[in-house]
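Read through the structure below, which is laid out as structure tokens, and then see the notes.
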Amino acid sequence: MENSLFENARNAVNRMTKNRNKNGQEPSQQDMQAAKQAIQSAYSQCSQEEKQELQQLEQKLEAEHNSMR
């Protein structure tokens, strides 16, 4: 069974990027913050493999944030 915090983090980032691509709208600061918090929460209870994926999610989130500027 996968870690629910890890799944929440993955879903938050994916939801944010899909909504942007689908709607063409920038994610809100609140959405960005929620995704960041979900990632940070997941770090405490994940495997090494999941940590690597969380790092990729953080990079994806940062790229999304930079593209908003």
Side-chain angles (χ1 to χ4, degrees):
M1 183 175 157
E2 284 198 45
N3 180 335
S4 63
L5 292 174
F6 174 76
E7 273 299 309
N8 288 343
R10 184 189 309 165
N11 290 338
V13 173
N14 287 335
R15 196 170 38 249
M16 202 178 71
T17 56
K18 284 180 186 178
N19 285 343
R20 179 176 186 195
N21 292 336
K22 181 179 175 183
N23 301 329
Q25 296 176 341
E26 302 291 333
S28 71
Q29 283 299 102
Q30 185 177 2
D31 290 340
M32 293 284 288
Q33 192 61 32
K36 287 179 183 181
Q37 288 175 345
I39 290 170
Q40 291 305 311
S41 294
Y43 269 115
S44 65
Q45 297 180 5
C46 64
S47 67
Q48 189 61 38
E49 292 82 19
E50 290 170 331
K51 284 182 183 180
Q52 290 175 339
E53 188 168 341
L54 287 172
Q55 289 172 342
Q56 292 172 350
L57 290 173
E58 283 182 309
Q59 291 171 353
K60 186 176 183 180
L61 191 62
E62 188 62 32
E64 188 75 21
H65 178 68
N66 288 339
S67 72
M68 291 171 47
R69 294 179 180 177

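Because only heavy atoms are used, hydrogens play no part in the values below, and waters and symmetry mates are left out as well, while side chains stay in. The structure displayed is predicted, hence computed values, not measured ones.
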Measuring from atom [atom1] of [X] to atom [atom2] of [Y], what distance do you get when rounded to the nearest 0.5 angstrom?
X	Y	atom1	atom2	answer
Gln40	Glu58	CD	CD	5.5 Å
Glu7	Asn14	CD	CG	9.5 Å
Ile39	Gln56	CD1	CD	11.0 Å

Do the side chains of Leu57 and Leu5 join up, straight or via other hydrophobic residues, at under 4.5 Å, putting them in one cluster?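 Different clusters: Leu57 never reaches Leu5 through Ile, Leu, Val, Met, Phe, Trp or Tyr contacts under 4.5 Å.
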Shared hydrophobic cluster, Leu61 / Phe6 (ILVMFWY, side-chain heavy atoms < 4.5 Å):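 Per the 4.5 Å side-chain linkage, Leu61 and Phe6 are co-clustered.
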Counting N and O atoms only, with roles assigned by atom type, does the side chain of Ser41 sit under 3.5 Å from a partner on the main chain of Ala38, one being a donor and the other an acceptor?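 Looks like no, no N/O pair under 3.5 Å.
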For a side-chain contact (heavy atoms from CB on, under 4.5 Å) check, start with the C-alpha distance between Gln33 and Gln30, then their side-chain angles and the critical distance, and finish with the verdict. CA-CA 5 Å; Gln33 192 61 32; Gln30 185 177 2; 5.8 Å; no
